[in-house]
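As structure tokens, the structure follows; a few thoughts come after it.
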Amino acid sequence: MRYGGANGVLAVSGLDLSVKQGEFAAVVGPSGCGKSTLMRLVTGLHIPQTGAVDVAGTRVTKPVSIVGMAFQNPTMLPWRTTLDNILLPLEIVEKHRRRLRQHKAEYVAKAEKLLETVGLKGFGEKYPWQLSGGMQQRANLCRALIHEPQLLMLDEPFGALDAFTREELWQVIRDLHASQDVTIILVTHDLREAVFLADRIFVMSARPGRVLHEHTITFPRPRDLELMYTAEFSEKVHELRGEIADARQAE
Ligand SMILES: Nc1ncnc2c1ncn2[C@@H]1O[C@H](COP(=O)(O)OP(=O)(O)OP(=O)(O)O)[C@@H](O)[C@H]1O
């Protein structure tokens, strides 16, 4: 995938990976290696000049509607309540719009259930600016999940949060993954986050990005935060760190 025409930036090249249905995959790598580009390719926001992307057995040729997305900065509309922000994707996608009009109460109940799942029960009527950063990110996850996506793409969703809030949200994501039957691809710089959450971790090279290493993470689920203080966990994080340091050197 090259940006800006034939002489533009080659962001990723020879990038080959596949994620199984229901799996939790994490993608890590040096800064600027093309992790966000990978996300845009999978969601159909960019179409590669060469190669192909398949999601749920279908070739990606346009933005994919079975995908939910959450990014680092939750872009909530300040004039809408949290609940109305969560319902927003349903108003945008034509096929949901009609159903939303006819079955509004059903969708509101679903949004409220999701809010409860992420620990925000009763906050639906608050405006985003009345919520803390961590709470906004929780609501953002609800918005990404409201249309029951088969695939959830998370691009550095916790990067802007303090360490404690981040750990809380790791548990929220862990539980969502266990309960929602959704495939997740998480892009992150945080190696502990990747090892705590993922079933498989892909390590990318420096730009143009491709997959250098693949790790299967076998810690049993449900995983507890205490896992992060075990020698096995530290060893895995250390190993990943070494691989990324080598990839940066090779730049
Ligand atoms: N729209 C664009 N036009 C031109 N170049 C771009 C564009 N988007 C990204 N790039 C370039 O492509 C490369 C990969 O960018 P990308 O954002 O995918 O990397 P990343 O791994 O997500 O970065 P980071 O780790 O810093 O978040 C970078 O060199 C970047 O400058």
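Just follow the structure's listing: the first ligand is 1, and inside any ligand the first atom is 1. Values in this document were obtained by computation on a predicted structure and should not be read as measured data.
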(Q) Using the rule given for side chain to side chain contact (heavy atoms under 4.5 Å, CB included), can you reason through Leu77 versus Leu88, listing the C-alpha separation, both sets of side-chain angles and the distance that settles it, and then say yes or no? (A) CA-CA 9 Å; Leu77 302 177; Leu88 192 63; 3.7 Å; yes

Q. Could you give all pairs that pass the ring pair (Phe, Tyr, Trp, His ring centres under 6.0 Å) test and reach residues 11-49, with sequence neighbours left out?
A. Tyr3-His46, Phe24-His177

Q. Taking it one step at a time, do His213 and Glu239 satisfy side chain to side chain donor-acceptor pair (under 3.5 Å)?
A. CA-CA 11 Å; His213 306 281; Glu239 190 185 349; over 6 Å; no

May I have a table of the N/O to N/O pairs between ligand 1 and the protein that fall below 3.5 Å, each row giving the two atom names and the distance to 0.1 Å?
residue	atom	partner	partner atom	Å
ligand 1	18 (O)	Ser36	N	3.4
ligand 1	18 (O)	Thr37	N	2.8
ligand 1	18 (O)	Thr37	OG1	2.5
ligand 1	19 (O)	Gly34	N	3.2
ligand 1	21 (O)	Cys33	N	3.1
ligand 1	21 (O)	Gly34	N	2.9
ligand 1	21 (O)	Lys35	N	2.9
ligand 1	21 (O)	Lys35	NZ	3.2
ligand 1	22 (O)	Ser36	N	2.8
ligand 1	22 (O)	Ser36	OG	2.7
ligand 1	23 (O)	Gly32	N	3.0
ligand 1	25 (O)	Gly32	N	3.2
ligand 1	25 (O)	Lys35	NZ	2.7
ligand 1	25 (O)	His189	NE2	3.0
ligand 1	26 (O)	Ser31	OG	3.0
ligand 1	26 (O)	Gly32	N	3.3
ligand 1	29 (O)	Arg207	NE	3.1

Q) Judged by atom type as modelled, is there a donor-acceptor pair below 3.5 Å linking the side chain of Lys110 to the main-chain atoms of Ile146? A) yes

Q) Once you round to the nearest 0.5 Å, how far does NZ of Lys113 lie from SG of Cys142? A) 11.0 Å

**Q.** Main-chain N/O of Arg2 paired with Gln49 side-chain donor or acceptor, under 3.5 Å
**A.** yes

